[in-house]
**Q** 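First the structure, then my questions, so here it is.
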2 protein chains.
Amino acid sequence: MKKASILYVEDEISLASIVKDTLQGQGFLVHWYPHGQDILTQIETHHIDLVILDVMLPKQNGFELAEKISLVHPDLPFLFTSAKNQSSDVIQGLKLGAKDYLKKPFNLEELLLRINNIISLNQPLQAIQNKSIAIGQYIFNAFDQTLIFADTVRNLTHLETEIISHLVKKINSDLIKKNMLLQIWGDDTQSNSRNLDVYINKIRDYLSQDSSIRIVTLRGKGYRFIVGPSE
Amino acid sequence: MKKASILYVEDEISLASIVKDTLQGQGFLVHWYPHGQDILTQIETHHIDLVILDVMLPKQNGFELAEKISLVHPDLPFLFTSAKNQSSDVIQGLKLGAKDYLKKPFNLEELLLRINNIISLNQPLQAIQNKSIAIGQYIFNAFDQTLIFADTVRNLTHLETEIISHLVKKINSDLIKKNMLLQIWGDDTQSNSRNLDVYINKIRDYLSQDSSIRIVTLRGKGYRFIVGPSE
DNA sequence: TGAACCTATTAACCTTTTTTAACTTTGAAA
DNA sequence: TTTCAAAGTTAAAAAAGGTTAATAGGTTCA
């Protein structure tokens, strides 16, 4: 399972360092910043699964930051930590769309549990390995590298399997092409991008016997893998 | 949208009554019980979307109850409310799989926000998926990327779809151009702004067959998408 | 070793979508 | 009424992706 990546904004250095170590100890990839400047750029360049924002930051406070972030990335989950412990503060935070609001001082174990709650909810499909899963009328098995349609078994290559796995993981939601390239080839060069195009073309062909399956192109962004009644 | 159904176990009658009224006022269907007996039967007979458990209950406490429930219904989300406010209690509750743990006394608005967080997270996709919506005499489907007028299906591009989605979301109210640019392109440069102008022009054309639909320009601000008799 | 085979990558050419550019119109402020 | 920025309109340019085929790279096995 891939490490979840957390963006953490906290200006208290001693606290930040403890939290960072704890999260890293649990296998998270942590990007820590003492202030909110250039946060949007950071989100663009790194793949981020969760944002943790302190509310009282120098200059731009956590609430303002959250608003900016969710404007551009409405599906990126975030939570607040804060010494502002009034009910009204908590409510303001939650209203902004925060998945949680932890009052300071918080217990580290509680933080971890709450993070796991958010992240696990956000990626419901996990262990695809060694399990056959249905894609419309097809049956896909990443371990066997097979795609079955009505008694016909098609043996897939490694990359075909890899790409279908990515599609399946993000079924009915958006796949960012750049992320796919990074995860599959390790870099997102122009030529890898063309390569992926070729594979998508091939996979579209493989899956063409069930018309309820579609790989929609989000030009300039990626793809959306749609499986379901299309009426 | 269907009413979400909540199972609520709380032995303090006066509190329970207030919470119940509040939840019902928000459109939830509430099943309240002062103790945990026969809860599993209740879950079998009614469809339940969320369980709220007080921790300190007579006989069987909330933790025990939660264990029993999640054994049989591992995907049914639950949260605790409790006057047991020790960190260790919270952690114990979360470890059992609770989606949240509210310390008493809690603010009712906070409760509502946290409930909404849990319930909306639990049904993230269906809502968007494959839902056609009427725009005057047109039918728009963001998922299929189609716009239908009297048997004629127009396939939309990704950006066209994106922009119409934004219009629809703010139907009959103001759309701030800057926000649209940020959400769609990630920045609000001059050239993206001209680009949006081009798309608005195109979409006005697409929607021109129903004269009750208008995209009014709010010069220097954005647009207002008006659908309805044009008094 | 090298021929047959399979997979991945690159290339070439085409189509569609998005962006940019250029020119026109509009509307608010001076 | 003049002026200028914002938005409308149209067309051309540029970029992304679709498609198909050729090439490269590596295994396997005689």
Side-chain angles (χ1 to χ4, degrees), chain A residues 142 144-147 153-167 174-208 211 213-226, chain B residues 142 144-147 153-167 174-208 211 213-226:
Chain A
D144 293 348
Q145 306 203 154
T146 54
L147 186 66
V153 178
R154 182 193 295 276
N155 289 308
L156 301 167
T157 71
H158 171 61
L159 273 184
E160 285 165 359
T161 307
E162 189 90 341
I163 290 160
I164 296 177
S165 293
H166 274 82
L167 292 172
D174 295 2
L175 267 142
I176 310 302
K177 190 170 185 176
K178 196 175 156 189
N179 290 347
M180 286 182 78
L181 294 172
L182 285 172
Q183 287 172 42
I184 296 173
W185 281 276
D187 52 26
D188 64 332
T189 60
Q190 173 66 12
S191 89
N192 285 337
S193 177
R194 303 302 284 114
N195 204 174
L196 178 56
D197 294 340
V198 173
Y199 275 100
I200 290 290
N201 182 251
K202 208 176 282 186
I203 289 166
R204 277 188 174 129
D205 180 41
Y206 292 175
L207 293 172
S208 63
S211 66
I213 302 172
R214 283 168 299 156
I215 300 176
V216 173
T217 303
L218 310 174
R219 179 172 262 250
K221 242 190 174 178
Y223 298 95
R224 184 178 297 150
F225 187 50
I226 302 177
Chain B
D144 289 350
Q145 308 201 150
T146 55
L147 186 66
V153 178
R154 182 193 294 277
N155 288 307
L156 301 167
T157 72
H158 171 58
L159 274 183
E160 286 164 359
T161 307
E162 191 92 336
I163 290 160
I164 296 177
S165 293
H166 275 82
L167 293 171
D174 295 3
L175 266 145
I176 310 302
K177 191 171 185 178
K178 195 177 158 188
N179 289 349
M180 286 183 78
L181 293 172
L182 283 171
Q183 288 173 46
I184 296 172
W185 282 275
D187 52 26
D188 64 331
T189 61
Q190 173 67 11
S191 89
N192 285 337
S193 175
R194 304 301 285 116
N195 203 175
L196 179 58
D197 293 340
V198 173
Y199 275 101
I200 289 289
N201 182 251
K202 206 176 283 186
I203 289 165
R204 277 188 174 127
D205 179 41
Y206 292 174
L207 293 172
S208 62
S211 65
I213 301 172
R214 283 168 301 151
I215 300 176
V216 174
T217 303
L218 308 174
R219 178 170 262 254
K221 236 189 172 183
Y223 299 95
R224 185 175 297 149
F225 187 50
I226 301 177

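Convention: sequence-line order gives letters A, B, ...; per-chain numbering from 1. Heavy-atom basis, side chains included; hydrogens, waters and symmetry copies ignored.
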**Q** Going by number, which of residues 193-208 of chain A have a non-hydrogen atom under 4.0 Å from DNA chain D?
**A**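 Of all residues in residues 193-208 of chain A, the ones placing a heavy atom under 4.0 Å from DNA chain D are A:Arg194, A:Asp197, A:Val198, A:Asn201, A:Arg204.
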
**Q** Is there a side-chain contact between A:Thr161 and A:His158, using heavy atoms and a 4.5 Å cut-off?
**A**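 No, their side chains stay 4.5 Å or more apart.
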
**Q** For the atom pair CG (B:Leu167) and CD1 (B:Ile226), what is the distance rounded to the nearest 0.5 Å?
**A** 11.5 Å

**Q** What is the 5' to 3' range of DNA chain D, first to last nucleotide, that sits under 4.0 Å from any heavy atom of chain B?
**A**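 Footprint of chain B along DNA chain D, 5' to 3': D:dA5 to D:dT10.
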
**Q** Can you check whether A:Phe225 reaches A:Leu207 side chain to side chain, under 4.5 Å on heavy atoms?
**A**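 Yes; the side chains approach each other to less than 4.5 Å.
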
**Q** Which residue pairs pass the side-chain hydrogen bond (donor to acceptor under 3.5 Å, both in side chains) test when at least one of the two sits in residues 178-190 of chain B, sequence neighbours left out?
**A** B:His166-B:Gln183, B:Asp187-B:Asn192, B:Thr189-B:Asn192

**Q** For residues B:Thr217 and B:Tyr223, determine if any side-chain heavy atom of one lies less than 4.5 Å from a side-chain heavy atom of the other.
**A** yes

**Q** Just do the side chain to side chain donor-acceptor pair (under 3.5 Å) check on A:Glu160 and A:Tyr206 with the steps written out, would you?
**A** CA-CA 10 Å; A:Glu160 285 165 359; A:Tyr206 292 175; 2.8 Å; yes

**Q** To the nearest 0.5 Å, what is the distance between CD1 (B:Ile164) and CG (B:Leu159)?
**A** 11.0 Å

**Q** For A:Val216 and A:Arg204, work out which heavy atoms get closest and say how close.
**A** C-NH2, 4.2 Å

**Q** Quick one: CD1 on A:Ile176 to CG on A:Leu218, what's the gap to the nearest 0.5 Å?
**A**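 Answer for the CD1-CG pair, A:Ile176 versus A:Leu218, is 7.5 Å.
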
**Q** How many angstroms lie between atom CG of B:Asn195 and atom CD1 of B:Ile184, to the nearest 0.5 angstrom?
**A** 10.0 Å

**Q** A:Gln145 and A:Thr157: which non-hydrogen atoms are nearest, and at how many Å?
**A**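 Smallest interatomic distance, heavy atoms only, reads NE2-C, 3.8 Å.
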
**Q** What residues in residues 217-225 of chain A put a non-hydrogen atom under 4.0 Å from any atom of DNA chain D?
**A**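 Going residue by residue through residues 217-225 of chain A, the ones with a heavy atom under 4.0 Å of DNA chain D turn out to be A:Thr217, A:Arg219, A:Gly220, A:Tyr223.
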
**Q** As a quick check of understanding, evaluate side chain to side chain contact (heavy atoms under 4.5 Å, CB included) for A:Thr146 and A:Leu156, giving each step before the final call.
**A** CA-CA 5 Å; A:Thr146 54; A:Leu156 301 167; 5.8 Å; no

**Q** Given side chains that start at C-beta, do those of B:Asp144 and A:Arg214 come closer than 4.5 Å, heavy atoms only?
**A** yes

**Q** Estimate the overall bend of the helix from C:dT1-D:dA30 to C:dA30-D:dT1 from the end axes over five pairs each, rounded to 10 degrees.
**A**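 The angle separating the two end axes equals 40°.
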
**Q** Just the endpoints, please: which first and last nucleotides of DNA chain C, 5' to 3', lie under 4.0 Å from a heavy atom of chain A?
**A** C:dT7 to C:dT18

**Q** Should A:Lys202 and A:Asp205 count as an ion pair when the cut-off is N to O under 4.0 Å?
**A**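 Result for this pair is no, no salt bridge flagged.
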
**Q** Between B:Asp197 and B:Lys177, is a side chain to side chain contact (heavy atoms under 4.5 Å, CB included) present by the stated rule, with each step listed?
**A** CA-CA 10 Å; B:Asp197 293 340; B:Lys177 191 171 185 178; 2.8 Å; yes

